[in-house]
Amino acid sequence: MKSIKICIGSACHIKGSEEVIEIFKNLISKYNLEDKVELLASFCLGKCTKAVSVMRWDGEILSVCKENAKDIFEKNIMPYI
Ligand code: FES
């Protein structure tokens with residue numbers, strides 16, 4: 001099981017971490033990845049100046065907003081699961 005940590009620290013919360021979580025949840029279900037990947041909430045990941053910080057299981061931090069969430073998931077997450 002691979003883990004994706006979505007920052008829910010205050011800066012990321014304001015930038016829409018709830019929406020990013022919702023979009024990722026829907027994509028995981030759409031692609032039937034429930035037993036391959038899990039979503040975890042995380043405190044500040046130290047990259048507050050960009051969009052919502054999402055840490056992939058290998059430590060790569062992706063900068064995600066609701067507009068690019070689907071694209072990032074399909075290009076930067078799905079191929080590596
Ligand atoms: S609050 Fe999310 S990276 Fe700092």
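Small disclaimer: the values here were computed from a predicted structure and weren't measured. Indexing begins at 1, ligand by ligand and atom by atom, following the structure's order.
Taking every non-hydrogen atom of Gly9 and a distance limit under 4.0 Å, the qualifying atoms of ligand 1 come out as 1 (S). When each atom of ligand 1 is checked for a heavy atom of Ala11 under 4.0 Å away, the hits are 1 (S). Near Cys44, meaning under 4.0 Å from any of its heavy atoms, are these atoms of ligand 1: 1 (S), 3 (S), 4 (Fe). Close approach to Cys48 involves these atoms of ligand 1, each under 4.0 Å from a residue heavy atom: 1 (S), 3 (S), 4 (Fe). If you number the atoms of ligand 1 from 1 as listed, the ones under 4.0 Å from a heavy atom of Ser53 come out as 3 (S).
Both Val64 and Leu33 sit in one connected hydrophobic cluster of ILVMFWY residues. Membership requires side-chain heavy atoms under 4.5 Å apart, directly or through other members. Ile28 and Tyr80 fall within a single hydrophobic cluster, where Ile, Leu, Val, Met, Phe, Trp and Tyr are joined by side-chain heavy atoms under 4.5 Å apart, directly or via other members.
By the 4.5 Å heavy-atom criterion applied to side chains, Lys2 and Lys36 are not counted as neighbours. The shortest side-chain heavy-atom distance between Val54 and Ile72 does not fall under the 4.5 Å cut-off.
Taking 2.8 Å as the criterion, Cys7 counts as a coordinating residue of atom 2 (Fe) of ligand 1, since one of its N, O or S atoms falls below it. Among the backbone and side-chain atoms of Cys12, an N/O/S atom is found under 2.8 Å from atom 2 (Fe) of ligand 1.
To the nearest 0.5 Å, the span separating CG on Leu62 from CE on Met55 amounts to 10.0 Å.
Residue Lys25 qualifies as open at atom NZ: its count of foreign heavy atoms under 6.0 Å is 12 or below.
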